[in-house]
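Just so you know, these numbers use all the heavy atoms, side chains as well, and skip hydrogens, waters and symmetry mates.
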Amino acid sequence: MGKHQALFLAVLLMAGCREAATLTLSDGERQTLGDYRGQWLVVNYFAEWCAPCLREMPLLNELSAAAGPAVLAVSFDALPAQALHSLKARYEMMMPVVASLEGAWPFDVPRVLPTTFVIDPRGRLAEQHQGELHAEDIARWQSLYWGD
């Protein structure tokens, strides 16, 4: 085996060893990014101390209830399960609340809150939005990505 072939094989093996993109919901259920393959996915990072994050929850609830993308709300803070359940109830969050993301997601953990990621049906990052979401943002995504 030649030097280039060996290098190529090593790269392929390392790429195959990347940890799968997984998530743990507030109730302990585990899922993978692959569970959402074939549909649009909106991943929103929030924190209970972030006022803009909490203001956009009604928009995310509407989006979650509509026929369109799947929506996940990811807690930026490592809160215990009971605190996440409490927060979900207090803000009437209709979408699944994620306690943690692990593995190779198509984005990095945000440095600004709120941050929302739009993931395409093949699991690739289509768009990133930093700051509070507004109805116009959701309407634009709908027209660009998942339609009426």
Side-chain angles (χ1 to χ4, degrees), residues 6-134 137-147:
L7 180 60
F8 180 69
L9 181 59
V11 169
L12 282 178
L13 288 173
M14 288 189 328
C17 293
R18 288 180 65 190
E19 185 182 344
T22 60
L23 61 97
T24 303
L25 296 175
S26 59
D27 64 4
E29 180 186 346
R30 293 192 45 89
Q31 297 179 343
T32 69
L33 178 57
D35 294 336
Y36 295 94
R37 187 151 318 271
Q39 63 183 312
W40 287 94
L41 176 62
V42 173
V43 179
N44 174 265
Y45 272 84
F46 75 97
E48 68 179 322
W49 46 263
C50 169
C53 299
L54 301 176
R55 282 194 304 264
E56 68 186 11
M57 280 304 154
L59 275 177
L60 292 167
N61 277 334
E62 286 177 30
L63 183 59
S64 179
V71 178
L72 296 172
V74 181
S75 175
F76 185 77
D77 300 315
L79 297 175
Q82 186 56 40
L84 280 176
H85 285 297
S86 224
L87 189 64
K88 184 175 181 176
R90 188 172 350 135
Y91 291 98
E92 300 174 351
M93 297 167 78
M94 313 263 305
M95 74 291 293
V97 175
V98 178
S100 65
L101 295 177
E102 300 89 30
W105 284 83
F107 52 80
D108 293 324
V109 175
R111 297 175 195 261
V112 174
L113 290 181
T115 294
T116 305
F117 301 98
V118 177
I119 310 300
D120 77 11
R122 291 181 284 188
R124 296 184 305 200
L125 181 63
E127 189 162 333
Q128 175 179 332
H129 179 90
Q130 292 183 326
E132 186 175 348
L133 286 173
H134 299 283
D137 301 312
I138 305 281
R140 185 176 61 77
W141 290 345
Q142 182 175 356
S143 69
L144 283 175
Y145 301 128
W146 50 83

Asp120 to Arg122 - nearest heavy-atom pair and separation
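Heavy atoms only, the tightest pair is OD1-N, 2.8 Å.
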
Give the minimum heavy-atom separation between His85 and Ser26, together with the two atoms involved.
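Residues His85 and Ser26, closest heavy atoms: NE2-O, 3.5 Å.
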
Could you check whether atom CE of Met95 has more than 12 heavy atoms from other residues, nucleotides or ligands sitting under 6.0 Å from it?
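Buried by this count: over 12 neighbours within 6.0 Å.
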
Name all residues meeting the salt bridge (charged side-chain N to carboxylate O under 4.0 Å, His left out) criterion together with [X]; count only those two or more places apart in sequence or in a different chain, and write none if there are none.
X      : answer
Glu127 : Arg140
Arg111 : none
Asp137 : none
Glu48  : none

Can you sort out the partners of Ala99 under side chain to side chain contact (heavy atoms under 4.5 Å, CB included), two or more places apart, ordered by chain and number?
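Expected list: Leu84.
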
Taking only residues two or more places apart in sequence or in another chain, which ones pass side chain to side chain contact (heavy atoms under 4.5 Å, CB included) with Gln128?
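By the side chain to side chain contact (heavy atoms under 4.5 Å, CB included) rule, Gln128 matches Thr115, Phe117, Gln130.
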
Please test Trp146 against Val42 for side-chain contact (heavy atoms from CB on, under 4.5 Å), starting from the C-alpha separation and ending with a verdict.
CA-CA 11 Å; Trp146 50 83; Val42 173; 4.0 Å; yes

Atom [atom1] of [X] and atom [atom2] of [Y]: how far apart are they, to the nearest 0.5 Å?
X      : Y     : atom1 : atom2 : result
Leu63  : Trp40 : CG    : CH2   : 12.5 Å
Asn44  : Phe76 : CG    : CZ    : 12.5 Å
Leu23  : Gln31 : CG    : CD    : 5.0 Å
Leu87  : Leu54 : CG    : CG    : 7.0 Å
Ser100 : Leu25 : OG    : CG    : 9.0 Å
Leu33  : Leu41 : CG    : CG    : 7.0 Å

Counting N and O atoms only, with roles assigned by atom type, does the side chain of Gln39 sit under 3.5 Å from a partner on the main chain of Pro121, one being a donor and the other an acceptor?
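Here the side-chain-to-backbone pair does not exist.
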
Does Ala20 offer a backbone N or O that forms a donor-acceptor pair with the side chain of Trp105 under 3.5 Å?
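The answer is no, because no donor-acceptor pair under 3.5 Å joins these two groups.
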
Kindly state each residue pair satisfying salt bridge (charged side-chain N to carboxylate O under 4.0 Å, His left out) with at least one member in [range], sequence neighbours excluded.
range          : answer
residues 27-41 : Arg30-Glu102
residues 54-71 : Arg55-Glu132
residues 68-93 : none

Intermediate values then yes/no, side-chain contact (heavy atoms from CB on, under 4.5 Å), Tyr91 and Phe46
CA-CA 12 Å; Tyr91 291 98; Phe46 75 97; over 6 Å; no

Take Tyr36 and Val43 through the test side-chain contact (heavy atoms from CB on, under 4.5 Å) and record every step on the way to the result.
CA-CA 11 Å; Tyr36 295 94; Val43 179; over 6 Å; no

Among residues two or more places apart or on two chains, list those pairs meeting disulfide (SG to SG under 2.5 Å) that have a residue in [range].
range           : answer
residues 61-112 : none
residues 56-105 : none
residues 26-70  : Cys50-Cys53

Decide side-chain contact (heavy atoms from CB on, under 4.5 Å) for Leu125 and Ile119; before the verdict, give the C-alpha distance in whole Å, the side-chain angles of both, and the deciding distance to 0.1 Å.
CA-CA 5 Å; Leu125 181 63; Ile119 310 300; 4.0 Å; yes

